[in-house]
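Report on the structure given below.
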Amino acid sequence: LAERVCGWRSSVETAKTICRQMCDDLSPSVGLVSGLRACAATSQEQAAHLRRHEDRVNLAFSGAVAELASVQRLSAEEAEKFAVLSTSVTGLSEELAAVSRELESAKDASANVAEALEEQASLSRMKRSLQRLKEEDRLLAVRLGCVRHDLLQRQARCAAARGSTCGRDVDLSTLFAADDESAASAGA
């Protein structure tokens, strides 16, 4: 047990010695302190130089910075206006598309009406032509009747004067029977 206690004390002593050596090694030396002070002074001097340079740069570009801020503000306002106008254009485009569709429908409807009117006008012209043809047919039938009557009278006079059929035996009633049938079918 005594040996153990001695071993323990020697370990503590060795640790203390090592700690002292480390503290001596870590204790600031005069050169280190002066070097750190010089470094701090140089850093402060460089920081002051940078501040002065920053102030000169800020002064030189203060107008440009103000202009940039103004341009950014105007750009934001214009972007808002553009968004409003874009929405308006989209709405108007949709309305234009609807109106265009209505216009196409109206064009189709008017084309159909025009076609119907043209067909009706054509039908009306055909009816007038048919009525004119019927009238002409009626007039021709009347004239034909008059001519037949004159012819029959002449034939009767000629037969009475000579006692025959003027050299020909013609039955005019059979001659005009075919014409009467065609006139009757055309009148119907």
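Sequential numbering from 1 along the given sequence is applied to the chain's residues.
Checked by atom type, the side-chain pair Q153/H149 shows a donor-acceptor distance below 3.5 Å. Judged purely by distance below 3.5 Å, without hydrogens or angles, the side chains of R101 and S105 never pair a donor atom with an acceptor atom.
Atom-to-atom distance recorded for K134:NZ and S129:OG is 12.5 Å, nearest 0.5 angstrom. One finds the CG atom of L133 at 13.0 Å from the CE atom of M126 (value rounded to the nearest 0.5 Å). Rounding to the nearest 0.5 angstrom, the gap separating the CG atom in L103 from the CG atom in D108 is 9.5 Å. Interatomic distance, L85 CG to T90 OG1, rounded to the nearest 0.5 Å: 10.5 Å. Of the inter-residue distances, the one linking S62 atom OG with E67 atom CD reads 11.5 Å to the nearest 0.5 angstrom. With rounding to the nearest 0.5 Å, the separation of CZ in R51 from CG in D55 is 9.0 Å.
The number of heavy atoms from other shown groups lying within 6.0 Å of CD (E135) is above 12. Counted within 6.0 Å of CD on E45, heavy atoms from surrounding residues, nucleotides or ligands total 12 or fewer; the atom is thus considered open.
Within the 3.5 Å criterion, the main-chain N or O of V71 finds no donor-acceptor partner in the side chain of S75. With hydrogens and angles ignored, the 3.5 Å screen pairs no side-chain donor or acceptor of S88 with any backbone N or O of V84. Distance alone, capped at 3.5 Å, places no donor-acceptor pair between the S70 side chain and the A66 backbone.
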**Message:** Quick one, S122 with E118, criterion side chain to side chain contact (heavy atoms under 4.5 Å, CB included). Give me CA distance, side-chain angles, the key distance, then yes/no.
**Reply:** CA-CA 6 Å; S122 176; E118 191 173 315; 5.7 Å; no

**Request:** Please test S124 against R128 for side chain to side chain donor-acceptor pair (under 3.5 Å), starting from the C-alpha separation and ending with a verdict.
**Result:** CA-CA 6 Å; S124 176; R128 283 194 304 266; 3.0 Å; yes

